[in-house]
There are 2 protein chains.
Amino acid sequence: MATGRTHRPATRSRGIPEATVARLPLYLRALTALSERSVPTVSSEELAAAAGVNSAKLRKDFSYLGSYGTRGVGYDVEYLVYQISRELGLTQDWPVVIVGIGNLGAALANYGGFASRGFRVAALIDADPAMAGKPVAGIPVQHSDDLEKIIQDNGVSIGVIATPAGAAQQVCDRLVAAGVTSILNFAPTVLSVPDGVDVRKVDLSIELQILAFHEQRKAGEEAASGDGALPTAAARSESADQGPDGDMPAVMPA
Amino acid sequence: MATGRTHRPATRSRGIPEATVARLPLYLRALTALSERSVPTVSSEELAAAAGVNSAKLRKDFSYLGSYGTRGVGYDVEYLVYQISRELGLTQDWPVVIVGIGNLGAALANYGGFASRGFRVAALIDADPAMAGKPVAGIPVQHSDDLEKIIQDNGVSIGVIATPAGAAQQVCDRLVAAGVTSILNFAPTVLSVPDGVDVRKVDLSIELQILAFHEQRKAGEEAASGDGALPTAAARSESADQGPDGDMPAVMPA
DNA sequence: ATGTCTTTGTGAACGCGTGCACAAAGATGG
DNA sequence: CCATCTTTGTGCACGCGTTCACAAAGACAT
């Protein structure tokens, strides 16, 4: 998994644990798949298997939302889809801006899974004047000079940062000042934001490093790294079960 | 953050907690930045601030690696960079294959932050015959028919899946059968893998949904959703502190 | 050498998340 | 209406992760 919670005092919002919130989208995806197959009800056991979690955990998660199941039967798929969607705030439209239209930004802009989840790419913003006006994914790129106006005109509260690390904090500050209160950060930097602003971070490099750690453990051990030979301070390394909407990865062209 | 741990029995590898492992790359990035500014030593307080964590947590994390600090002074930057790199297995070369060269796969292939961390894109693989031979990021795309041979010839143990969800499990199975034991999955699907194989998942859609949840909490509450009016089952919704290498987000062209 | 001052390393307490195991609830059949 | 069977909802215990707070360790000055 490529996630990491940033700047979140583990504040349990109205009794729903953060860990549960993080799993709701997972359940929702599995449920939507069932819904498309016109499955009327599902047991916690089946749904848990589809979502890849423990069934007891799933039931406990749902218990935070209320008692939506029927004992002896299971959960009504359609009803549960609605309840989770509502809880996640997906029944409303969320305009989103993407800042930094490089390779990644463009890939994000092309992602088709936004709309089906209530997210709408309201604008693409880049600092490069040469990009301005050029359409990406059918949306013309706008220059970052107009960032504040774009945010306000569209009532945007969620921003995606896909700029180089050096620009991320500055972009973040402007987004926040303009009214954005939730940020998804792809830049490899720790963003500092005022209280009340949520930041979530996606960092491929970190994910790979975590995999490498475990990989080393699996492969190694017998390789017996010379633990004794500690280097001096100068010895630095030179260093098919298809989702409903999401038939594509998070970032995929149509 | 766009991460989610998948299929990991919280097995504490040789005493290093999983949560600590997930933070090591963060420390490493901060340390590398200090190293580039030729800062010789750093205190836990300073480093923690740079990495965006609590200083006590950082010290405890480091304590799992050993006693690398000097009381009254702090940590030797270069030495710590080396120790963490070694612990994460970044002192060796990790050949990686990317399967699914769509928008995202291409963006990943162009990511420059791989090499500086010991990761090397050994091959790009796609199922589309039209893609075969076409260079992406200077690397010719190979057809998925040759997947097994590519894995084995290059000694690849880490695979990145950037295919549509429908193909992900099948690709995963083939990767695993060919010898891959760590997978970074960008497809919105729960992958099932045998024991001994690590899977980490990156899902943009989930991250946005989590943000939407908190956003709704912040904006809402007074919006007073009509909780009483429960819909029938049919009422479904229609639905600049620059990192060293990582001057770019995880996925950015050179 | 002695004292002071800074910073590490960690013992201990606390809180969250997980999973077990079971009682309560309801469906279903006779 | 009663018995049986399935599945939920949850009380409880356990373990991991976080944080506090402080003793131990060393640098540095005198």
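Numbered from 1 within each chain, the chains take letters A, B, ... in sequence-line order.
For B/S44 and C/dT7, the shortest distance from a side-chain N or O to OP1 or OP2 is not below 4.0 Å. Between B/Y75 and the phosphate of C/dG9, there is a side-chain N or O to OP1/OP2 separation shorter than 4.0 Å.
Scanning for side-chain hydrogen bond (donor to acceptor under 3.5 Å, both in side chains) contacts around A/T20 gives A/D61, with sequence neighbours left out. Remark: A/A48 pairs with A/V53, A/S55, A/L58 by the side-chain contact (heavy atoms from CB on, under 4.5 Å) rule, at least two apart or across chains. With sequence neighbours excluded, the residues satisfying side-chain contact (heavy atoms from CB on, under 4.5 Å) with A/D173 are A/Q169. Take B/E46 and apply the side-chain hydrogen bond (donor to acceptor under 3.5 Å, both in side chains) test, not counting sequence neighbours, and it matches B/S43.
Distance, A/Y79 OH to D/dT8 P: 16 Å, rounded to whole Å. Spacing between atom CZ of B/F62 and atom C1' of C/dT8 amounts to 12 Å, rounded to whole angstrom units.
Applying the ring-ring contact (aromatic ring centres under 6.0 Å, His included) rule to pairs touching residues 192-212 of chain A yields nothing, sequence neighbours excluded. Within the structure, ring-ring contact (aromatic ring centres under 6.0 Å, His included) pairs that include any residue of residues 34-58 of chain A do not occur (at least two apart or interchain). Sorted by first then second residue, the ring-ring contact (aromatic ring centres under 6.0 Å, His included) pairs that include residues 26-45 of chain A, not counting sequence neighbours, are A/Y27-A/F62.
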- line: Protein-proximity profile, nucleotides 25-30 of chain C, B/S/- by nucleotide at the 4.0 Å heavy-atom cutoff, equals B-S---
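Among all heavy-atom pairs drawn from B/R200 and B/E18, the shortest one is NH1-OE2, 4.0 Å.
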Distances under 3.5 Å between nitrogen or oxygen atoms of protein and nucleotides 19-22 of chain D:
| from | atom 1 | to | atom 2 | distance (Å) |
| --- | --- | --- | --- | --- |
| D/dT19 | OP2 | B/K57 | NZ | 3.4 |
| D/dT19 | O4 | B/K60 | NZ | 3.2 |
| D/dA21 | N6 | B/R59 | NH2 | 3.4 |

